[in-house]
2 protein chains.
Amino acid sequence: MTKPEPNLAAEIDPVRKRILDAAVVQFSDRGYEGASTRAIAQVAGAAMSSITYQFGGKHGLYLATADHIGDQIAGFMHPRLDAARTAVRNGTLPHVEAVLMILGGMAEMMLDDRSQKWAGFIVREQQEPGEAFDRLYEQVMEPMAELMIELIGVARPDLSGKRLRAIAMSLVGQVIALRAARAAMLRILDIEKLDAAERNLLREALQANVRAVLEMKG
Amino acid sequence: MTKPEPNLAAEIDPVRKRILDAAVVQFSDRGYEGASTRAIAQVAGAAMSSITYQFGGKHGLYLATADHIGDQIAGFMHPRLDAARTAVRNGTLPHVEAVLMILGGMAEMMLDDRSQKWAGFIVREQQEPGEAFDRLYEQVMEPMAELMIELIGVARPDLSGKRLRAIAMSLVGQVIALRAARAAMLRILDIEKLDAAERNLLREALQANVRAVLEMKG
DNA sequence: GTCTATACTACGATAGAC
DNA sequence: GTCTATCGTAGTATAGAC
């Protein structure tokens, strides 16, 4: 051990990561213009100028934040996509069940408290998409959407092309709304906060609706 | 005609309304903190201090903007809700068709270019709801949701209570996502911009899915 | 009721010490 | 690589003329 002992705290949670974690929350809550690099640096316990050094400025930090969010979503979803794809190709999982597995995983994420951190970032980018949206779409949304479309196309051979894609969008929309319309959802369910019972209810409703659509007589 | 002729342009489009129209776009695009009263006043062709005079400050303007958006949505949706309610009570419209009429009206609004102006405002409020969300919910979302729940409850007598509400939320979610996840939707459909053909496709997909759920054997 | 002018605070970026 | 100090700009609010 001739090398000097590194600062452990910094090693485990380096400035770059602390800044990104703070940026996710600030950009999500206040938007690009509303979030301040001062506040982000302060929450991260770093100097404002570290943002310039690490990311080249506010805009660079914003793009890096999109990638950071994408990493978190991909870390959860990609294993599930791979499992569904593999099981279907092995013939051990019916196509409808694979769709339910993917949408169920997505719903689990949308219903989890941890997705609140980044939800604001994504819904803002959906309204006025820029380079940050491109990165998020390619990293996490596209692989999910294309697999879903493939599976639904087998379950519903009466559909193809844009009709198939429109049906897929509609089904995924039910899951997206669990986050994007969270406040309205809570009011409709007449609750203050989601607990396990309501999470199950929403997952069951989603499952029932998706089955009704996919097992429908074309 | 002894009274002095009023300024016609100001009468038709008074400062207050011009400020509100500008505020909808600015708050929608940049969020509360990101939108500046300077920019709003400039777009409205008014002095910044008119905002203080008319609305008491930035926060007051924000709340008035929520009401202004609510007025526009209510102007479109309330006649449709009334028509659906009346026709169902007269027995001239089946419950399932009434649900489709309401969701179809909502989809028409979400797919119309004009709803882009205020969509950002609402999705932001959904993520971090405040007084502005309360006003929007009570003015336009609640009447729509409660009528939908009543109608779905008749079409699907096997459902009640929170199960019924969860199914209703899931169905409405398909429509909400047409705006809230607009950028992803365009990518999934592989288009740059919605035209009449895709609007119809999305409306048909919605209709088919809702029918599959409501006409399902409980 | 609407304007101009101004006070005060907070923003992003950067220079330079360590 | 991270810090402190500082520059120029843009934010909200308000006072006071008309």
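Lettering of chains follows the sequences in order, A, B, ..., and the numbering in each one begins at 1. Hydrogens, waters and symmetry mates are skipped; everything else that's a heavy atom, side chains included, is used. As the structure is a computational prediction, the values presented were derived from the model and not from experiment.
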Side-chain donor/acceptor pairs under 3.5 Å, residues 100-124 of chain B, sequence neighbours excluded:
residue	atom	partner	partner atom	Å
D112(B)	OD1	R114(B)	N	2.7
D112(B)	OD1	R114(B)	NE	3.0
D112(B)	OD2	R114(B)	NH2	3.0
D113(B)	OD1	R199(B)	NH2	3.3
S115(B)	OG	M109(B)	O	2.8
S115(B)	OG	M110(B)	O	3.4
S115(B)	OG	D112(B)	O	2.8
S115(B)	OG	R179(B)	NE	2.8
S115(B)	OG	R179(B)	NH2	3.3
R124(B)	NE	S28(B)	O	3.2
R124(B)	NH2	S28(B)	O	3.3
R124(B)	NH2	D29(B)	O	3.2

Is the ring pair Y32(A)/F27(A) parallel, tilted or perpendicular, if the boundaries are 30 and 60 degrees?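 It falls in the parallel class, under 30°.
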
Passes side chain to side chain contact (heavy atoms under 4.5 Å, CB included), L178(B) versus M185(B)? Steps please. CA-CA 7 Å; L178(B) 298 178; M185(B) 186 188 82; 3.7 Å; yes

Applying side chain to side chain donor-acceptor pair (under 3.5 Å), which residue pairs with at least one partner in residues 74-83 of chain B are found, sequence neighbours left out?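 Qualifying pairs: D82(B)-R85(B).
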
Residue pairs, two or more places apart or on separate chains, that pass side chain to side chain donor-acceptor pair (under 3.5 Å) and touch residues 129-148 of chain B: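 Output for this query lists R187(A)-D134(B), D67(B)-R135(B), D71(B)-Q139(B), E131(B)-R135(B), E146(B)-R165(B).
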
Mind checking the CZ-CG spacing from R163(B) to L201(A)? Nearest 0.5 Å is all I need.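 So the CZ of R163(B) and the CG of L201(A) are separated by 6.5 Å.
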
Side chain to side chain donor-acceptor pair (under 3.5 Å) partners for T65(A), two or more places apart: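 Here no residue qualifies.
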
List the residues meeting side chain to side chain donor-acceptor pair (under 3.5 Å) with Y62(B), not counting sequence neighbours, and say none if there are none.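 Side chain to side chain donor-acceptor pair (under 3.5 Å) list for Y62(B), sorted by chain: E125(B).
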
Side-chain atoms of residues 34-48 of chain A: list all donor-acceptor pairs with protein atoms under 3.5 Å, sequence neighbours left out, distances to 0.1 Å.
residue	atom	partner	partner atom	Å
S36(A)	OG	A39(A)	N	2.9

According to the ring-ring contact (aromatic ring centres under 6.0 Å, His included) rule, which pairs have a member within residues 179-205 of chain A, sequence neighbours left out?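 Found none.
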
I need the full list of ring-ring contact (aromatic ring centres under 6.0 Å, His included) pairs touching residues 189-209 of chain B, with sequence neighbours left out, sorted by first then second residue.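 Every pair satisfying ring-ring contact (aromatic ring centres under 6.0 Å, His included) with a residue in residues 189-209 of chain B: there are none.
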
For DNA chain C, determine which residues of residues 24-34 of chain A have any heavy atom closer than 4.0 angstrom to one of its atoms, and list them numerically.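 By residue number: none to list.
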
Which ones in residues 54-66 of chain B lie close to DNA chain C, meaning a heavy atom under 4.0 Å from one of its atoms?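 Residues of residues 54-66 of chain B under 4.0 Å from DNA chain C: Q54(B).
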
Provide a list of protein-nucleic acid N or O atom pairs under 3.5 angstrom, restricted to nucleotides 4-9 of chain D.
residue	atom	partner	partner atom	Å
dT4(D)	O4	S49(A)	OG	3.1

Please classify the nucleic acid contact of A35(A) as base, sugar-phosphate, or nothing, using heavy-atom distances under 4.0 Å.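 Sugar-phosphate, no base atom in range.
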
Looking for any heavy atom pair under 4.0 Å, which part of the strands does T52(A) touch: base, sugar-phosphate only, or nothing?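 Here T52(A) touches the bases of the nucleic acid.
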
The single option from M144(A), M141(A), Q72(A) passing side chain to side chain contact (heavy atoms under 4.5 Å, CB included) against M77(A):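 When M144(A), M141(A), Q72(A) are each tested with M77(A), the side chain to side chain contact (heavy atoms under 4.5 Å, CB included) holds only for M144(A).
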
Taking any atom closer than 4.0 angstrom to a non-hydrogen atom of chain B, what span of DNA chain C does the protein reach, first nucleotide to last?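 The contacted stretch runs from dG1(C) to dT4(C).
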
E128(B) vs F133(B) side-chain heavy atoms within contact, under 4.5 Å: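 Answer no - side chains too far apart.
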
